[in-house]
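Here's the structure we're looking at; comments come further down.
Just follow the structure's listing: the first ligand is 1, and inside any ligand the first atom is 1. On a predicted model such as this, the values are computed, not experimentally measured, just so you know.
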Amino acid sequence: MDNPGVKTGKLWDIFCKVIDNYGDAGVCWRLASQLAARGERVRLWLDDPSPLAWMAPHGDPGVEIRRWTEPLDLKGLLPGDVLVEAFGCDIAPEFIALYASHLRASSQPAAWINLEYLSAERWAERNHGLASPVMSGPGKGLSKHFFYPGFTPDTGGLLREPALLDLQARFDRQAWLHDQGIEARGERLVSLFCYEPPALGQLLALLKADAQPTRLLVTSGRAQAAVQHCLAQEASHKSQPDSNGLLSISYLPSLTQQDFDHLLWACDLNFVRGEDSLVRALLAGKPLVWQIYPQDDDAHHAKLVAFLDWLGASPSLHAFHASWNSMAPGPLPALALGDWGQTVTQARLRLLQQDDLVSSLLRFISKNH
Ligand code: TRH
């Protein structure tokens, strides 16, 4: 249920630090522009805004990008009504001091949201919406609230534009491929956005050996480097150059977020990674395989299993993920796109019956503040 009716018309300050990869900036940009689309005003503070130059080159009139310098330049600045601390980024203390004194002067309660990482684990439901008193520093005495994105109605939901499925229904796959310079001749199209999965060589071998021709659309950056590394390694082990069989490979430039969606809509199977691209692949409703962001203590294993359980993944989809994410030894199982596609479309239906993240965030703010 989308609920564009809940409007607060407030000024939001969203703070984000780019740790690595594109997800932090990607999620915060999506949040900022979706808030702006519902009539909110947003300042997005980023320590490194450079990924936005290719993700969102046209910007958004409702979103002001500010560089998070140390110290922050706060001259003449009035803090906004809502403060969003994305992914535990520790908002600059000088900004918190300004916000706290603004609240005291206006006798308003704090509207300070701790936006957390996405997880399908049960604790996300338990912790969603909980208050957390600030015990020290310039915000001492204020209260933050945990906001957990998630896959069930007891969480904050997932970022989803109200018109997304209509846009997808009107999408012209052939025209888009042509515009990208991709001359597809009826092959199966597979997108690849990944880190360096050890099973990548196996995937390439599987696609080469398949009776059905495949075109692999490889995203720029780490995925491209990983594929090229695999191919070079393979070549160095062979005296004769190997043929790619029925596999052809296209390397893509960095796409805008909008064209990244188009890529997911155009393909018959999407390999995605991290957080934001997983959500977009779910919303695309096509068969997907997720490479989860790896954590040192293997905490991502439980997170992956929780997601697959929520998804209702079949044994074959479970097994493919276990292998792709190096959780189980053994070869990659065969692709089963019919089965995987059905699973994803059913999961998407469940998501469409729930509020999206911006609707639940707006409701949370108007109820609590
Ligand atoms: O880049 P990621 O691996 O980001 C990760 C995750 O967010 C992870 O949870 C976090 O802990 C870690 O960073 C630090 O994957 P993700 O989350 O899918 O983000 C990719 C973003 O990049 C997404 O918004 C889509 C966008 N994108 C484009 O806009 N164009 C492109 O060409 C590509 C490849 C991605």
Considering only heavy atoms, which of R273, Q224, K17 lies nearest to atom 2 (P) of ligand 1? R273

Once rounded to the nearest 0.5 Å, what's the spacing between atom CZ of R222 and atom SG of C194? 9.0 Å

Can you list the ligand 1 atoms lying under 4.0 Å from a non-hydrogen atom of T219? 34 (C)

Atom CG of L278 and atom CZ of R273: how far apart are they, to the nearest 0.5 Å? 12.5 Å

Main-chain N/O of L288 paired to N270 side chain as donor or acceptor, under 3.5 Å: no

When distances are taken from atom 32 (O) of ligand 1, the protein heavy atom at minimum range is L255 N, 2.9 Å

Could you say whether the N/O atoms of E275 and ligand 1 ever approach to under 3.5 Å? yes

Which residue supplies the protein heavy atom nearest to atom 3 (O) of ligand 1, what is that atom called, and how far is it? Y195 OH, 2.6 Å

Under a 3.5 Å cutoff, is there a donor and acceptor pairing between the side chains of D339 and S314? yes

Atoms in ligand 1 with a heavy atom of G26 nearer than 4.0 Å: 24 (O)

Starting from atom 33 (C) of ligand 1, what is the nearest protein heavy atom, named by residue and atom, and what distance separates them? F260 CD1, 3.7 Å

Value for CG (N21) from CZ (F193), rounded to nearest 0.5 Å, stands at 7.0 Å

What atoms of ligand 1 come within less than 4.0 Å of a heavy atom belonging to D24? 14 (C)

If you scan protein heavy atoms around atom 26 (C) of ligand 1, the nearest is M55 CE, 4.2 Å

For atom 24 (O) of ligand 1, grab the closest protein heavy atom and report residue, atom and distance to one decimal in Å. D276 OD2, 2.6 Å

For ligand 1, does D20 get within less than 4.0 Å through its side chain, its backbone, both, or neither, judged by non-hydrogen atoms? both

Ranked by distance from atom 10 (C) of ligand 1, the top protein heavy atom is Y117 CE2, 4.0 Å

Using a strict cut-off of 4.0 Å, indicate which atoms of ligand 1 neighbour a heavy atom of T256. 29 (O)

For the residue pair H128 and F364, does the interplanar ring angle fall in the parallel (under 30°), tilted (30 to 60°) or perpendicular (over 60°) class? tilted

So, E234 and K208, do they make that salt bridge, N to O below 4.0 Å? yes

Quick check: does S277 get an N/O under 3.5 Å from an N/O on ligand 1? yes

Contact partition for F87 relative to ligand 1, non-hydrogen atoms under 4.0 Å: neither

Determine all donor-acceptor pairs shorter than 3.5 Å in which one atom belongs to a side chain in residues 83-93; sequence neighbours excluded.
residue : atom : partner : partner atom : Å
E85     : OE1  : W112    : NE1          : 3.0
E85     : OE1  : K144    : NZ           : 3.1
E85     : OE2  : D90     : N            : 3.0

For atom 22 (O) of ligand 1, what's the nearest protein heavy-atom neighbour? Residue, atom name and distance, please. Y22 CB, 3.5 Å

Taking the six-membered ring of W265, is NZ or CZ of K286 closer than 6.0 Å to its centre and within 45° of its axis? no

With no hydrogens and no angle check, just 3.5 Å: does a side-chain donor-acceptor pair link D154 and Y148? no

Give me the residue, atom name and distance of the protein heavy atom closest to atom 19 (O) of ligand 1. G23 CA, 3.2 Å

If the plane angle is over 60° it's perpendicular, under 30° parallel, otherwise tilted; pick one for Y99 and F95. parallel

